[in-house]
Amino acid sequence: MKKIIVGISGGLSFVVFIILLLIIRALGNSQAEQQMARRWSEDGGVAQVSCFFSVDADVDRDRIEDFEHSIDNALTEASVIQDSENPGARLWADAYSADGSVTVTRGNNTLEANAIGIGGDFFLFHPLRLISGSYFSGNDLMQDYCVIDEDAAWQLFGSSDVAGMIVYIGNIPHIVTGVVERPDGHLAKAAGLNSTLIYVSCQTLEELGQSNGINHYEIVMPDPVSHFAENFVRENLGSDPLKTEVIENSSRFSFPKRLRMITQFGVRSMNGKAIIYPYWENIARGYEDIIALITLFDMLFLLYALGVAIVLFVIWWRHKGWTVRGKMLILKDKLERLAEKQRQKRKKKEIEDPNFE
Amino acid sequence: MNENGKKKREWIKTAAIVFLAVMLVLTFFSNTFMNYSLPEVATQYVSPGTITAKIRGTGVVESGDPYEVKVTESRKVASVAVRAGDQVEKGDVILYLEDAESEELKAAQAVLDEKEDALQAAEDAFDRALLTEDYTAQDIQQADGSTPVVSYRQQLTDAQNKVAQAQQSLADRDKSVAKLDTKIEDVNAQIAYEEVRQEAAKNKLDSAAASYDEVSGGDAAAAAPAKEALEKAQKEYDEITSQIENLKLQKSSLELDRYNVQKSQASATKALEAAQKELDDLKAMLGNILNLDDFQKAISDAREDVAEAQKEVDKLSANSIGATVNADISGTVTAVNVVAGNMTSADTPVAVLQPEGKGYTMSFSVTNEQSRRLSVGDRADLVNAWRYDEVDVVLSGIKPDLTEPGQKKLLTFDITGNVTPGQTLNVSVGQKSADFDCIVPNSAIREDNNGKFILIVESRPSPLGNRYYASRVDVEVLASDDTQSAVSGALYGYEFVITTSTQPVEAGQLVRLAND
């Protein structure tokens, strides 16, 4: 009886393990900003790497341009070539951003909001849910666009269907290309998303608003061997360990990283670098902590289930009525008999039809 | 045993009925359930159209070709006759200036005085140097080993004394001449006086003679008083005449003295000049011996400075300007930079005029990429064009931007119409591109490492109704503007392209269409 109960508890523990594993997968996949590598190439072989800068790291657009020019050389040296037939296909895509604030005016309504000044294909990496309109890119011809969240659309226009309308930032007219939904929830609010957010171009933020400097750069690029992309970014952009932090997003929620997170339990909250993370990185870190905890319990459940299984197996093995040897002998016997039967059948055939040739 | 079996059968029956019921419900509502779980997509037709890539920018209106009115001297402004915005004709007064010597002339005069003082100081320094103890016997004996410094000094002092004496004797002679002059004047005055008296006495004599003549043929006793009078008159007349003679003698002796003194004055002047020349020669010689070149050079430099300063003063006096500043062209005043009481200066214009008939300009800078879409002559539209009436903005030039020569270009526009300098204008300029067959909204374009693509909705019939799924079409973006892009790919036109969705959609996934 006890055995049955223990057995069932082991089974339940295993089921819980599976459920927790699925939860971990779901939580990880819910972070669209960390899943760029999967969106970029379903076959794998690419990695998404982010680099965060402290305020005094003095990274500007020129430095990022220099880095971009060095990427193609590095890929050629590593013998990575473009094998897609589509003429516009790129091997890599990147984005960067600075945070700050702007003052947006529309008629009599003025709004002072937090702002993120973007460069590169920011919205490729951050596919926020579009309520109307479309995104813009730092590679577009004109940089006087902005993407606003629902709150800002409500305060400035009173509606969300405002794609294409004009607002004024610093007396220069800007076109609202889209309205997005701001991520919500306890973690999001704690990560910095507690008030209106506007996305403008990095150029607009620097010239017409207040910019706190470029604090983030990310890239999705081919990863011929593991950690190739991460090492490349670290050597060329994140070389000062006190002022930069380099993270490989695509492997962030993988099992080895989660284990490492558990071992770093005490030291995880210590911060020796003056880096202010953008809201998505803060959210991801929050999820990392949660997932690490879940992983810990997951391991415990698995260990319990495995333990129970092993113990039951050993007990069954000890108490089985047969031995391996005995089974082997029976098997051998059966095989011999079968072989014998075959031989007799063949003999019979030969006797019956010796004249047929 | 039967009881158990019955219970078991009951249990199985119930379970089977529940199971079947659930399956039935799920089957009937399977489509609805499935639909709820599918991502809802918004779609739009792929259609032909045009792409208008606009370049936008903001600039400040300035007057094109402004005319600056400048005043070359610094004079004080008495009053200003125009205001910003006034129309002026050629010759109209812009400023009234106070009549005064300009600051420059005063300064030049001060410089001249200074230089003259400096020349005097240089000459004094030279003199002092000759007589001070600074030149030791050593210095002099090195130059001319024979004569000691004391004797040089003695020579110098003697020569200066001689000059002083000559000047003194000249001065004395001048004084004597002056004294003699006064004496001669006195004598002249006396002579004149006596001559008047003589005249009077003559008249008296004549009348006495006449009256005597009347009575001379008659009685001697009656004629005696007349004779007495005549004799008295004659005596008076003779006295006066002799007095006049004396005075004249006095005068001529004084004049002789004066002549002598003047002659000696000439020689005294000559002696003075000789003594001065001797002194100068001695100074020069001593100067050469004692190596007073520096002092002499200082003197000649100072003389040059004085000459130059004098020239400057003369030049400025010649260029002095009058009391009003007039407009040389007709146009509109755009700025007045002085008020009454200010001093004008040669560097800043006192007023800026917009010539009649000239338009306005505006400029801002754009990236190289943006400037490639534009060509000179493009017409620009104003953002919020309804706010301005009859304003025409045309691109007139594309030049390298000097602040960032390799990266940016400066666009200049010619503006005509109702604008004022200082106004900010927001314009957008660009050419319409060619028509394209397939235009999609920007939100429809996605990208991965196989390039850009769009997702189109295709439908497949199924027993439970039409099923929609997303399929991928690789495209190349040919042109794009603010809201849409022209693409080329395996498209026939009029496909439904997915623009937005409630959840991320991948190619091959089932979707449902939004209801509207």
Side-chain angles (χ1 to χ4, degrees), chain A residues 29-30 32 35-46 62 65 82-93 121 123-124 127 129-137 139-145 163-164 166 168 170-181 203 208 220-222, chain B residues 42 51 53-60 364 366-367 369-373 382-384 407 424-428 430 440-453 472-485 487-490 499-508:
Chain A
N29 291 346
S30 74
Q35 303 295 335
M36 182 63 200
R38 188 128 49 84
R39 289 201 294 278
W40 191 249
S41 162
E42 283 170 4
D43 308 329
V46 298
D62 289 336
E65 246 187 79
Q82 177 65 264
D83 57 2
S84 163
E85 289 158 358
N86 196 336
R90 298 190 278 173
L91 277 175
W92 54 270
D121 292 304
F123 292 104
L124 203 59
R129 193 170 147 240
L130 267 177
I131 296 174
S132 75
S134 63
Y135 304 123
F136 70 96
S137 160
N139 297 328
D140 286 344
L141 190 66
M142 290 300 297
Q143 289 294 294
D144 59 352
Y145 301 123
I166 293 187
Y168 283 83
N171 288 331
I172 309 278
H174 284 67
I175 297 183
V176 176
T177 56
V179 178
V180 292
E181 187 188 0
Q203 190 183 331
L208 304 168
V220 62
M221 61 188 275
Chain B
I51 296 286
K54 288 276 197 196
I55 311 297
R56 287 177 294 278
T58 303
V60 176
F364 56 84
V366 295
T367 62
E369 186 60 46
Q370 289 165 344
S371 69
R372 269 183 224 133
R373 310 294 174 103
L382 291 163
V383 174
N384 290 343
Q407 317 265 23
T424 306
L425 288 182
N426 301 319
V427 298
S428 74
V440 295
N442 283 340
S443 54
I445 299 196
R446 295 145 210 279
E447 186 176 4
D448 70 359
N449 74 343
N450 282 324
K452 296 203 161 111
F453 63 95
R472 175 193 170 121
V473 176
D474 286 329
V475 297
E476 188 191 343
V477 175
L478 302 171
S480 70
D481 69 7
D482 301 328
T483 49
Q484 48 194 16
S485 307
V487 295
S488 81
T499 53
T500 54
S501 61
T502 52
Q503 302 163 29
V505 175
E506 285 179 22

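Just so it is clear: chains get the letters A, B, ... in the order the sequence lines come, proteins before strands, and each one is counted from 1.
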*Asks:* Could you measure the distance from the CD1 atom of I172(A) to the OG1 atom of T424(B)? Nearest 0.5 Å is fine.
*Replies:*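 Separation between the atoms: 8.5 Å.
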*Asks:* What pairs with D140(A) under salt bridge (Lys or Arg N to Asp or Glu O under 4.0 Å), at least two apart in sequence or on another chain?
*Replies:*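 Salt bridge (Lys or Arg N to Asp or Glu O under 4.0 Å) check on D140(A) returns nothing, list empty.
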*Asks:* So which part of E42(A) gets closer than 4.5 Å to some heavy atom of chain B, the side chain, the backbone, both or neither?
*Replies:*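 Only the side chain of E42(A) comes within 4.5 Å of chain B.
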*Asks:* Please give me the minimum heavy-atom distance between Y168(A) and V383(B), naming the atom from each residue.
*Replies:*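 The pair with the smallest heavy-atom distance is OH-CG1, 4.3 Å.
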*Asks:* Give, as side chain, backbone, both or neither, the part of L124(A) having an atom under 4.5 angstrom from any heavy atom of chain B.
*Replies:*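 Answer is side chain: those atoms of L124(A) sit under 4.5 Å from chain B.
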*Asks:* Do L141(A) and I55(B) touch side chain to side chain, with heavy atoms closer than 4.5 Å?
*Replies:*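 Yes, their side chains come closer than 4.5 Å.
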*Asks:* So which residue, V477(B), V475(B), T367(B), ends up with the most heavy-atom pairs under 4.5 Å with chain A?
*Replies:*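 Looking at each of V477(B), V475(B), T367(B) in turn, V475(B) comes out on top.
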*Asks:* Please state whether the side chain, the backbone, both or neither of D83(A) comes within less than 4.5 Å of a heavy atom of chain B.
*Replies:*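 For D83(A), no heavy atom lies under 4.5 Å from chain B.
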*Asks:* Roughly how far apart are Y145(A) OH and T483(B) OG1, rounded to 0.5 Å?
*Replies:*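 Those atoms lie 8.5 Å apart.
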*Asks:* Does any backbone or side-chain atom of R39(A) lie under 4.5 Å from a heavy atom of chain B? Answer side chain, backbone, both or neither.
*Replies:*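 For R39(A), the backbone is the part near chain B, not the side chain.
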*Asks:* Measure the shortest side-chain to side-chain distance between M142(A) and R56(B) over non-hydrogen atoms and say whether it is less than 4.5 angstrom.
*Replies:*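 The answer is yes; the side chains approach within 4.5 Å.
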*Asks:* Could you tell me which of A93(A), S134(A), A32(A) has the largest number of non-hydrogen atom pairs under 4.5 Å with chain B?
*Replies:*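 Option with the greatest count: S134(A).
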*Asks:* Check each atom of N426(B) against the heavy atoms of chain A and say whether the ones under 4.5 Å are side chain, backbone, both or neither.
*Replies:*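 Contact with chain A: side chain only.
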*Asks:* Please identify, among G88(A), P173(A), G164(A), the residue contributing the most non-hydrogen atom pairs under 4.5 Å to chain B.
*Replies:*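 Top option by heavy-atom pairs under 4.5 Å: P173(A).
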*Asks:* At a 4.5 Å cut-off on heavy atoms, which part of R373(B) comes close to chain A: side chain, backbone, both, or neither?
*Replies:*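 It is the side chain, since no backbone atom gets that close.
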*Asks:* Let me know if E85(A) has heavy atoms under 4.5 Å from chain B in its side chain, its backbone, both or neither.
*Replies:*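 Answer is neither: E85(A) stays 4.5 Å or more from chain B.
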*Asks:* What part of E506(B) lies closer than 4.5 angstrom to a heavy atom of chain A: side chain, backbone, both or neither?
*Replies:*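 Side chain only.
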*Asks:* Show the nearest heavy-atom pair for residues N86(A) and N450(B), with the distance to one decimal.
*Replies:*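 What the structure gives for the nearest pair is CB-O, 3.3 Å.
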*Asks:* What are the two closest heavy atoms between E476(B) and P87(A), and how far apart are they?
*Replies:*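 Smallest interatomic distance, heavy atoms only, reads OE1-CG, 3.3 Å.
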*Asks:* For N449(B) and S41(A), which heavy atoms make the closest approach, and how far apart are they?
*Replies:*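 Answer, listing the atom of N449(B) first, then S41(A): ND2-CB, 3.4 Å.
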*Asks:* Sort I166(A) into side chain, backbone, both or neither according to what part of it lies under 4.5 angstrom from a heavy atom of chain B.
*Replies:*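 I166(A) touches chain B through side-chain heavy atoms alone.
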